[in-house]
Amino acid sequence: MLNPQQQAAVEKTDRPLLVLAGAGCGKTRVITEKMAHLIRTRFCSPDGMFAITFTNKAAKEMKQRAMQMIQGGEGLNISTFHSLGLRLMQQEIAHTQFHRGFSILDASECQKVILSLLPKGFKKELANQLQWQISGWKNAGLKPEQVETTVPMAAEIYQQYLNYMVNINAMDFDDLILRPLWLLNGHQEVRERWQQRIDYLMVDEYQDTNTSQYQLIKTLMGQGNHLTCVGDDDQSIYGWRGAQIENLQLLQRDFPRLAVVKLEQNYRSSSIILQAANEVIKNNPHPFDKKIWSDLGEGEPINITAYQSAEEEAEQVVTDICFQKRVNLKNYSDYAILYRSNHQAKLLEQALRINNIPYQMSGGRSFFDYSEIKDLMAYIRLLANPRDNSAFLRCINTPKRGIGMQTVQQISLIAKHQGKSFFQTCSESQILNELSPSAKQKVTAFVHLIQNHQQMKTTADKVLTSLVSQIDYINWVNISANNKTAKINKTKLVRDFLKWVDAIGSNKSFNMEELMNYLSLQTSQEEENKEDAVKMMTLHAAKGLEFEHVYLVGVEEGILPHANSLADANESNDAVEEERRLMYVGITRAMRRLKVSYVKKRKKRFQDDNSDTFSGPSRFLDEIPAELTHGYHQKNLTVEQQKANNKKNFAALKALFEE
DNA sequence: GACAGAGCGGTTTTT
DNA sequence: CCGCTCTGTC
């Protein structure tokens with residue numbers, strides 16, 4: 001049953017609508033119900049229905065829910081912003097400067113591209129800075145002639161970067177929003193076609209949109225009655241990526257007939273948890289006033305505990321999970337450990353492993369960050385897009401085939417001179433005569449290897465398997481790994497990747513281009529949903545999820561709020577406010593039980609012992625009223641008292657196991 | 001000209 | 001602790 005506000009949000013179809021939905025107030029439910037409603041009432045057809053999310057996970061979940069509810073749900077267009085942009089570019093490729101099979105470059109490759117555009121002698125640092133700046137401009141929807149900067153040459157580099165990416169037929173993530181936007185703005189016919197095609201547009205997590213994404217929404221909407229945006233200003237945690245909370249107000253300006261519905265009844269958490277969340281977020285300024293509540297009962301007080309060290313924190317959290325699971329007979333998957341940054345996961349992971357507790361970590365080091373996966377992705381890209389110089393540079397001497405820097409530099413010079421891509425340069429044999437005979441022969445062998453596989457008339461997974469065996473890649477991984485565990489891990493990594501590709505291939509029969517596109521927008525390996533495992537993730541990754549038991553660890557000044565947010569706090573409080581929202585997101589993930597902890601000393605990163613730091617419990621802990629907690633008084637316990645407490649807990653647990 | 005081994009510097013959050 | 005840069009060797 002929907003409550004009256006939810007019902008109103010579902011049935012409001014004659015105006016653009018903004019749904020301000022507090023955490024756990026059923027916003028995904030409203031979106032899917034609304035889709036069902038619109039289709040049932042023939043307001044729009046499934047293929048005119050577009051829903052946009054920010055993460056693959058959210059898109060997948062929404063699809064699943066919609067499928068259960070809606071007949072003909074296969075036709076629905078539910079995707080992330082970026083994959084919608086990709087699709088638009090592919091379908092309208094004839095109207096762009098790009099060619100079929102364009103690549104998508106990840107951040108580290110983009111940095112290399114920028115570095116290569118700088119005059120000799122400039123260091124990575126500058127490239128990094130420029131990359132950051134350019135990304136900011138792209139997120140703001142700015143063209144090089146519109147930007148203002150104090151960094152000399154930055155605008156020129158931006159222009160060169162845009163041109164170079166066209167030349168190598170590649171885009172970065174920001175381009176997937178920006179290029180479609182520019183295309184629609186520049187082509188009336190294309191714009192109108194898409195506006196007609198979209199009967200209704202839903203945007204989830206609207207508070208996370210940046211300026212270019214907002215412009216894209218606006219452009220796609222045209223007149224704009226058939227738009228529903230769902231968001232929560234208190235959960236805006238992507239400001240660093242250009243997200244503008246102001247977009248919530250802009251909606252009111254740009255769509256004067258906008259209706260606003262607030263969802264405040266929470267169906268997730270017990271009321272003490274919600275009170276704590278409200279109290280914390282109260283310390284931020286609020287354009288829209290909103291207070292979430294639930295009738296699920298008071299529930300347990302929040303537990304706030306201080307530990308002596310991060311090691312102890314990890315041990316005790318794991319001990320507590322064992323204890324709780326034993327008492328409550330819940331599944332491991334009802335427990336989540338949440339943290340501000342990925343490196344915090346390490347100790348927790350160890351503790352879980354020692355205690356033989358199954359766990360599933362999302363995020364962390366992305367699957368696609370491993371050099372082995374990057375290698376294989378580069379091969380896939382080169383096969384699908386021979387113009388991709390970045391992929392070429394990675395493949396040309398991996399595994400080592402005796403083609404070194406000198407040769408590559410020569411090729412690069414010739415290519416620049418001829419205005420051709422690296423691969424094309426290499427495939428025209430007379431051009432290579434400037435190279436030494438031995439180099440020429442090696443390069444030619446490489447070109448043949450790639451060409452042979454480009455011409456194979458079979459599915460992408462089979463082509464890749466053939467290529468991997470021909471370059472003897474597994475063997476190369478074994479040679480280059482310097483210890484036994486690395487050998488095993490990396491071999492497994494490669495085999496997992498191939499297995500995954502195989503699985504994709506067997507149910508979709510992709511060609512190389514389709515495989516590349518699919519993989520390029522994935523951030524992690526398809527999670528074989530480990531049935532019963534403790535979930536570990538960053539606060540960013542946890543948004544949208546819920547767990548019976550939540551452990552929020554490392555809630556210390558310098559971590560949450562993060563040190564960098566404190567550094568520029570004197571200029572504005574924006575950064576700390578965003579950290580507070582992160583805290584809010586963390587608290588509101590918990591359904592029944594929330595355990596927050598901080599540690600008294602923490603090893604400084606990359607340093608040996610005896611360099612512990614203590615920056616104190618987070619300011620956000622002081623914002624939680626004492627009467628909602630049991631245990632925050634532990635802040636004032638002596639070391640001995642705390643040790644005694646921990647001992648007692650441990651003894652109780654042990655007794656339980658020995659029963 | 002290519003490559004292996006040794007030293008150094010750098011961690012917020014992600015599509 | 002891992003990947004990149006510098007150096008000496010083949």
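Below, read A as the first sequence line, B as the second, and so on, with proteins coming before strands; counting in each chain starts at 1.
In this structure, A:R241 forms a cation-pi arrangement with A:Y238, its terminal cationic atom sitting closer than 6.0 Å to the ring centre and no more than 45° off the ring axis. Relative to the six-membered ring of A:W137, A:K143 misses at least one condition, a distance below 6.0 Å or an angle of at most 45° to the axis.
For the pair A:S83 and B:dT15, the criterion of a side-chain N or O lying under 4.0 Å from OP1 or OP2 is not met. Between B:dT14 and A:N342, a contact under 4.0 Å exists linking OP1 or OP2 to a side-chain N or O. A sub-4.0 Å separation between OP1 or OP2 of B:dG10 and a side-chain N or O of A:N128 is absent. Put simply, A:T55 has no side-chain N or O that comes within less than 4.0 Å of OP1 or OP2 on B:dT14.
Using a 4.0 Å cut-off between a side-chain N of Lys or Arg and a carboxylate O of Asp or Glu, A:R340 and A:E556 do not qualify as a salt bridge. For the pair A:K374 and A:E109, the salt-bridge criterion is not met [side-chain N within less than 4.0 Å of a carboxylate O]. By the 4.0 Å N-to-carboxylate-O rule, A:R581 lies close enough to A:E578 to be salt-bridged with it. For the pair A:K27 and A:D232, the salt-bridge criterion is not met [side-chain N within less than 4.0 Å of a carboxylate O].
Looking at the side chain of A:K400, the nearest of the listed nucleotides B:dC3, B:dT15, B:dT12 is B:dC3. Distance from the side chain of A:H562 is smallest for B:dT12 among the nucleotides B:dT13, B:dG1, B:dT12. Here B:dC3 is the nucleotide among B:dC3, B:dG1, B:dT15 with the atom lying nearest to any side-chain atom of A:N397. Among the nucleotides B:dT14, B:dT13, B:dT15, the one closest to any side-chain atom of A:R340 is B:dT13. Counting only heavy atoms from C-beta on, A:S341 has its side chain closest to B:dT12 among B:dT12, B:dA2, B:dT14. The listed nucleotides are B:dT15, B:dC3, B:dA2; the one nearest the side chain of A:F173 is B:dT15. Of all nucleotides listed (B:dT14, B:dG1, B:dT12), B:dT12 comes nearest to the side chain of A:N564.
No option in A:R394, A:R381, A:K400 other than A:R394 meets the salt bridge (Lys or Arg N to Asp or Glu O under 4.0 Å) test with A:D375.
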Task: Pairing pattern in dot-bracket form [Watson-Crick, G-U; both distances under 3.5 Å; | = partner strand] for DNA chain B - done: |||||||||......

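When heavy atoms are screened at a 4.0 angstrom cut-off, A:F81 is found touching no nucleic acid atom at all. Heavy atoms of A:K346 sit under 4.0 angstrom from primed sugar atoms or phosphate atoms, though from no base atom. Across all strands shown, A:S438 has no heavy atoms under 4.0 Å from either base or sugar-phosphate atoms.
In this entry the distance linking CD of A:Q111 with C1' of C:dC4 reads 12 Å, nearest Å. Taking atom CZ of residue A:F54 and atom C1' of nucleotide B:dT13, one finds them 15 Å apart after rounding to whole Å. Following rounding to the nearest Å, A:K543 (NZ) and B:dT14 (C1') show an atom-to-atom distance of 11 Å. The CE atom of A:M405 sits 15 Å away from the P atom of C:dT7 (whole-angstrom rounding). One interatomic measurement links the two molecules: OH of A:Y370 to P of C:dC2, which rounds to 9 Å at whole-angstrom precision. Separating the CG atom of A:L338 from the P atom of B:dT13 is a distance of 15 Å, rounded to the nearest angstrom. Following rounding to the nearest Å, A:M361 (CE) and B:dT14 (P) show an atom-to-atom distance of 11 Å. For the pair A:I177 CD1 and B:dT15 P, the interatomic distance rounds to 13 Å; values are reported in whole Å.
Residues A:G404 and A:D174 both approach DNA chain B. Their nearest nucleotides, taken by heavy-atom distance, put A:G404 toward the 5′ side. Between A:W132 and A:A439, the residue anchored nearer the 5' end of DNA chain B, judged by the nucleotide with its closest heavy atom, is A:A439.
Counting heavy atoms of neighbouring residues, nucleotides and ligands inside a 6.0 Å radius, atom CD of A:Q91 exceeds 12 of them.
Relative ring orientation between A:Y214 and A:Y206 is described as perpendicular, the plane-to-plane angle rising above 60° on a 0-90° scale split at 30° and 60°.
Stacking between A:W240 and B:dT13 is shown: the ring centroid lies under 5.5 Å from the centre of the six-membered base ring, and the planes differ by under 30°.
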